[in-house]
Amino acid sequence: MAGTLYLCATPIGNLEDMTFRAVRILQEVDLIAAEDTRNSVKLLNHFDIHTPMTSYHEYNKYDKGKKLVEKLLEGSDIALITDAGTPGISDPGEELVYMCHEAGICVTAVPGPAACVTALTISGLPTRRFAFEAFLPSDKKEREYVLQSLEREMRTIVLYEAPHRLTKTLKLLEDRLGGERNVSVCRELTKRHETVYRATLSEAAEYYESHEPKGECVIVVEGMSRETAEREEKEKWSDMTIEDHMGYYLSQGLERKEAMKRTAKDRGVSKRDVYSYLEKLKN
């Protein structure tokens, strides 16, 4: 019988956030796959855990992943841990989980800390709906694609960033989302010097130019308001005549009545107004 892969969350700062269950699982499994064994050994020593470890990280995730799957299929139970937080969130654990599901191996989670959720809950921004983007891509084209998708994102946006790139990223977000957008910059989460800096994007970018940030950062940005989205949607159609607007929908195969209905809704007017305008054109 195949073993089980346990996704064990570990503290993002404060060691007291380690759960009793996580300690027990790490003691009981046959092997621990860690993102950085040199970092994780400190955690294991603190909780008197002596389970063998092996490295599993971004640069060996495919080859090592195959070996871990083989061990699981042979009956070994394996725990996956990241440097801090929940495995699979912005780290190579995602690939191992996929490989296990493909091989029919049981995967279960031992829940615990996650920096993205921790920052979101203390940000003071809406939490019901949010978009997690982790780190912005380093590839220019891919980063541009992500930024374009965020420009009209109405959910709260959560991103990770390294301290030396924080100011540059805040300026980039200011340029693309607007400097008046509210933001909370969360640093050193659960640690002694934890801080949450709440401001607008323009204020935050200016602040961190003169206050060098330290520690990993989570940026939580207010999504586009519904009022702004509706206003911009109407403005998009304002340069188009009503007949061209109708033509746009008719060219998609819509019936005239439905095209008129959608045109009126887009422009924030009544269907009667659209009908009257079109009738005047006939005369």
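Note that the numbering runs from 1 along the sequence shown for the chain. What you see is a predicted model, and the numbers here were worked out from it, not measured in a lab.
The residues Glu70 and Lys66 are annotated as not salt-bridged, no charged nitrogen and carboxylate oxygen being separated by less than 4.0 angstrom. Ionic pairing of Glu258 and Arg262 is present here: one or more N-O contacts between side-chain nitrogen and carboxylate oxygen are shorter than 4.0 angstrom. Between Arg155 and Glu153 there is a salt bridge, since a side-chain N of the basic residue sits under 4.0 Å from a carboxylate O of the acidic one. For Lys171 and Glu209, the salt-bridge test passes: some basic side-chain N is under 4.0 Å from an acidic carboxylate O. Between Asp139 and Lys141 there is no salt bridge, since no side-chain N of the basic residue sits under 4.0 Å from a carboxylate O of the acidic one. Salt-bridge formation is detected for the pair Glu144/Arg176: a Lys NZ or Arg NE/NH1/NH2 atom is positioned less than 4.0 Å from an Asp or Glu carboxylate oxygen.
Shortest non-hydrogen contact noted between Tyr208 and Thr167 is O-OG1, 3.2 Å. Residues Cys116 and Tyr160 approach most closely at N-OH, 3.1 Å, considering heavy atoms.
A 6.0 Å sphere centred on CZ of Phe47 holds more than 12 heavy atoms belonging to other residues, nucleotides or ligands. Applying the 6.0 Å contact sphere to CD of Glu94 captures no more than 12 heavy atoms from other residues, nucleotides or ligands. Within a 6.0 Å radius of NZ in Lys64, more than 12 heavy atoms belonging to other residues, nucleotides or ligands are found.
No path of Ile, Leu, Val, Met, Phe, Trp and Tyr side chains, each step under 4.5 Å between heavy atoms, connects Leu166 with Leu189, placing them in separate hydrophobic clusters.
Between Thr200 and Glu180, the side chains place no donor N or O within less than 3.5 Å of an acceptor N or O (distance only, hydrogens not considered).
By the 4.5 Å heavy-atom criterion applied to side chains, Asn182 and Val221 are not counted as neighbours. The shortest side-chain heavy-atom distance between Ile32 and Ile81 falls under the 4.5 Å cut-off.
When each of Leu68, Thr37, Asp36 is checked for a side-chain contact (heavy atoms from CB on, under 4.5 Å) with Tyr56, only Leu68 meets the rule.
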